[in-house]
Amino acid sequence: MDKKLDHKGRWRNHTVAFRVSDVESKMLDDLVELSGLTKQEYITRRLLCRDAVVQGSQGSIRH
């Protein structure tokens, strides 16, 4: 099995997969986009009860 370092120099050689509905997928994609994180980093932080702070800008606010 190939081992690859992520951008922070960590070994990431395990894959975790799960299924979500269309609505859940859209919600997840929206939250990931708002967070500015990669989807992997966002999900990892949320699953491990670490903060995933959303950093919005004036242009991203919808009325």
Side-chain angles (χ1 to χ4, degrees):
M1 178 177 359
D2 286 340
K3 291 185 178 182
K4 296 187 180 186
L5 296 175
D6 70 2
H7 68 282
K8 293 185 179 180
R10 298 173 293 198
W11 291 111
R12 294 281 173 98
N13 58 341
H14 294 277
T15 300
V16 177
F18 55 95
R19 296 182 186 275
V20 295
S21 70
D22 289 341
V23 171
E24 292 166 332
S25 178
K26 174 73 171 116
M27 289 174 61
L28 179 59
D29 288 342
D30 290 345
L31 290 167
V32 168
E33 183 178 343
L34 285 171
S35 74
L37 300 169
T38 64
K39 188 177 278 190
Q40 175 178 324
E41 188 66 23
Y42 180 83
I43 292 171
T44 301
R45 286 185 185 194
R46 295 291 300 195
L47 289 172
L48 299 177
C49 298
R50 297 183 188 143
D51 290 336
V53 178
V54 174
Q55 304 214 359
S57 65
Q58 196 66 345
S60 67
I61 298 174
R62 297 181 191 146
H63 297 280

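Just so you know, these numbers come straight off a predicted model, no measurement behind them. If you read the sequence from its start, that first residue is 1, and numbering goes on from there.
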Would you kindly confirm whether [X] and [Y] end up in one hydrophobic cluster when ILVMFWY residues are joined by side chain heavy atoms under 4.5 Å apart?
{"X": "Leu47", "Y": "Leu31", "result": "yes"}
{"X": "Val20", "Y": "Met27", "result": "no"}
{"X": "Ile43", "Y": "Leu48", "result": "no"}
{"X": "Tyr42", "Y": "Phe18", "result": "yes"}

- Indicate the atoms forming the closest heavy-atom contact of Lys39 with Asp29, along with that distance.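 Answer, listing the atom of Lys39 first, then Asp29: NZ-OD1, 2.7 Å.
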
- Message: Treating Glu24 as the side-chain partner and Ser21 as the backbone partner, does any N or O pair qualify as donor plus acceptor under 3.5 Å?
- Response: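 Confirmed, Glu24 side chain pairs with Ser21 backbone.
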
- Under 3.5 Å, side chain of Ser25 to main-chain N/O of Asp22, donor-acceptor pair present?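 Not at all, since once roles are kept as given, no pair shorter than 3.5 Å links the two residues.
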
- Task: To the nearest 0.5 angstrom, please state how far the CG atom of Leu37 sits from the CZ atom of Arg46.
- Result: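 Leu37 CG to Arg46 CZ: 11.0 Å, rounded to 0.5 Å.
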
